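To keep things clear, I will list the structure first and then write my remarks on it.
Note that the coordinates shown come from a computational prediction; the quantities given were computed from them, not determined experimentally. Lettering of chains follows the sequences in order, A, B, ..., and the numbering in each one begins at 1.
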Amino acid sequence: MRQFLTVISFMLLTIGAFAGFSNLGIPQIEPAPPPVEEVIDLGSMNMEQFIALGDRIFNGKGTCTLCHNSLGRAPDLGQIGTNAQARLDDDRYAGDAADIEGYLSESLTNPSAYVVVGFGKAGSDDTESPMPSTSGGSIALSDPELAAVIAYLQDKGGLEVTVEIPTDVEVPEEEPAEVASGEPRAPFTTFQELADEFACEACHTIGEEAGDLGPNLSAIGASRDAEYIRRAILDPNADIAEGFDEGMMPDDMGEQIYAIELEIMVDFLSQLK
Amino acid sequence: MNTNKKLLSYGILATLVVGLLAAFGGTDLSAAFAAGEEVAATTGGYGPAPVTTAADYPSVAGANGRLVVWIVAQLHLWFAAFVLAVPIFVFIIEVIGMRTRDKRYDDMAYEFIKVSITAYSLTAILGGLLLFALILFYPHLFGYLSTIFSDSMFYYALLFFAESAVLYLYYYGWHWLQGGVRKWIHLTLGLLLNAVGTGLMLLANSWLTFMMSPAGVDAAGVFSGDSWAAIHNFLWNPINIHRFVANIAYGGSIVGAYAAFKFLTAGTDREKAHYDWMGYNANFIAICALLPLPFAGYYLAAEIYAYSQQMGITLMGGIFAWLFIIQAVLIGALFLSANYYLWCGMGRSDGAKRYHKYIKYIAIVLIGAFLVWFTPHTLVLTNSELKALGGPHHSILGPLGIMPAKNTAVNTMIIFTFLSFLFYRRSNKVAVVRWERAGNIAQVALFAAGIANILFLGIYHGYFTNTVYKVAASIPQVMTTFVVIVTSLVLDSFIYRGAKDVGPLHWGRIPDRAQYALFLLAVAFTWLMGLMGYIRSGIRQHWHVVDIMRDNSADAFTPTLGYAANVVSIAAIIFLTMVIFVFWIAQVSSTKTLPSGYWKE
Ligand code: HEM
């Protein structure tokens, strides 16, 4: 019996130690409560308050900062002032927006309408955005809340705030987000497939295909070694090729390609002499 | 045995309830689903996921529904994991016994299964209780899930009956089905038992993973009717793999604790020797399954990330990031106690002195590796903390928090745990081959090269490369570990070919404190499982079924880590109590009281 009690005490002590560590050794962060629809009294709000509301949603309930932060998971929204117009002017743009407000609204409710180069879901060739629709699914902002976020983004980007404070508040429509169809893609096996998929030739000249946004790569193997090329693909801003701008070349290739694909690209390019 | 049978009949009763309710779940709980079915009738079979309000979550006698379901589910899972894992290694041990014709193995296998058999009825009772609690507290969620999974719930009930039948045949037929063809029949039963058990686990896992990564339904939750799509959802296999392996390690650790207790209370040396041997084997099983677990875990995390960036970030970057610190402490405890037990076990041999001097170095390396694992990666910090640190990563320690460093730590832990094991194996042997020295040098060179390679890969990729390339290090690292282990085992088997024993192994000659390492192993495993259950459900946040069916109950919020740890601790204590009860019952069933003058002559 004594033996039994010793063993039991030992076990209870162990459990107590684990519980103690979890309670005292770890900061107790109170997780954010589930998002609720704020009761917004729009009638009495001026534009400044409306923008402040957008700020709160952006940094809180909207969970935008989960991705739009300084870690490079998503585009820097501080630059949206200049970027938004550029997106609309982009040849790839195929959405329905006619102005910046429209573009922002579309970005929030239908992120895949236009996907910023390099930020698409792995393997979707920037046709599918990893950003969930913020009007449905797990974020589920109501129309007035969306308008407030857009006002906030315009303000933050130094643009003229064109949104109007909605006067007739409708019940927000539940528009559930798409369920991600998850299968990871199969790896590509040739350089050409990869170049097509990731549109290298949109910017680079490689043999026949000609693009001139980036350096000509037709003979890159003559001047650069494999190590350099690997770095140029994974971390393009580490060395900037002369005469070109920083930040053009997508810098998240690393997240989009498999290691084996990286090696295929490096092998191929370093043999171009 | 009488008590046993009684438990059995409760078990069957509970199963019947499970079976009936599950099979007719869609129609029986009419109150809850009437609305859903109306829609279902108009949309050709299935309706959208129910939209609930706080009023849709019945409050029963003031009990906190979430807490009840949480604890009951966890208890059920613990028992189920144990009950499904034990037959796996019982089968393997039985095969070993059959091949070596060493009866000790057969006896041990029998004793293992005996331990699990009483737990089996409790598993069923808890399963019934869980079902009851779910229907009581979450009628709409259960209703929705059972319309989608009505088929598989029905098969689950069938499989459960099959499992019971095969298990009882396997257990009660053990002594009857001995020798020649009969042994083969018995082994076939064992295989069948495992096949059915694994099938059960896979089905239950699919319901769970459906809630995390729903498939086979549209955005509103309308089921397409394709059951296989719903079962074979994105996270199903990653969880299947991690659970399967974890369950084996867990089962080994519980049986180890049983043996440890029997050892401590054994009356005779013979008994001590027996339970020492049993504890050794249980620990061996736990270690074998423990070694691949970290990789299965990272694979699971990577798949969660691949399924949904949002969920992945919640898992590894949000408040749950702190949870992984607790996880690291527990896993450190697991590795250290398993190693400590091996080191103590070397006392069974008279030849072990030769290796004593190395053990402190292994201990140092293990602790070092543990500390690296312990270093957090990206944490959610307050703004001022962020500024003080100069970013979410520390500039020098930062790389210690990322994957290559953690992989390096994990691989190092594994290699050194293997080294402990190698020393243990060698401790009672004297090599007779002439090239022993050369062989040992080769072993040292092998380990040195392996460790150097792992460190090089880790440091190079951790500090000098970017993103994908960092992860690319993990494969050559794992390969290195694997090659070192296999080559070393082969080499050692040649060095020790025809080796002389230093003397007979003194089973039973092990300090009592070594048994406490086995208790620690079992408790840490139990607790870890509970903790991971919290994160698994926690990353769904305020969703019953992610993005499809929202949790609108008053308890939809995510509790703090401390609260979760307390719930897990209480559940673990209840579990322990039940396990002790189970063992006690097994004990009682074999003691006889002969009252004198009670019965008429
Ligand atoms: C030696 C290393 C590890 C051990 C011993 C271990 C052990 C366990 C155990 C016992 C469970 C409970 C299984 C069950 O409920 O049936 C579990 C679940 C889980 N583990 Fe691990 N694990 C390890 C590594 C990891 C790693 C590295 C990760 C991720 C970074 C991870 C993520 C998870 C998750 C998300 C669950 C919940 C899934 C479920 O319910 O099955 N694990 N782990």
Taking side chain as C-beta onward, heavy atoms only, is A:F4 less than 4.5 Å from B:L264?
-> no
Do A:T14 and B:Y516 touch side chain to side chain, with heavy atoms closer than 4.5 Å?
-> no
When the 4.5 angstrom heavy-atom criterion is applied to A:L12 and chain B, the contacting part is side chain
Would you call A:I15 and B:L576 a side-chain contact if the rule is heavy atoms closer than 4.5 Å?
-> yes
Pairs of heavy atoms under 4.5 Å with chain B: top-ranked of A:G16, A:G20, A:A19 = A:A19
Measuring heavy-atom distances to chain A, does B:L235 have an atom under 4.5 Å in its side chain, in its backbone, in both, or in neither?
-> neither
Side chain from CB out, backbone as N, CA, C, O: work out which of these in B:F519 comes under 4.5 Å of a heavy atom of chain A, or both, or neither.
-> both
Looking at OG1 of B:T526 and CE of A:M11, how far apart are the two atoms once the value is rounded to the nearest 0.5 Å?
-> 8.0 Å
Heavy-atom pairs under 4.5 Å with chain A are the metric here; pick the option from B:F557, B:F261, B:Y563 that has the most.
-> B:F261
Can you say whether B:A260 sits under 4.5 Å from chain A via the side chain, the backbone, both, or neither, judging by heavy atoms?
-> neither
Please report the shortest heavy-atom distance between B:W527 and A:S22, naming the atom on each side.
-> CH2-OG, 3.3 Å
Which region of B:I580, side chain (C-beta onward) or backbone (N, CA, C, O), has a non-hydrogen atom less than 4.5 Å from a non-hydrogen atom of chain A, or is it both or neither?
-> side chain
What closest approach, in Å, do B:G562 and A:N23 show between heavy atoms, and which atom pair accounts for it?
-> CA-OD1, 3.1 Å
Does a side-chain heavy-atom distance below 4.5 Å link B:L520 with A:F10?
-> yes
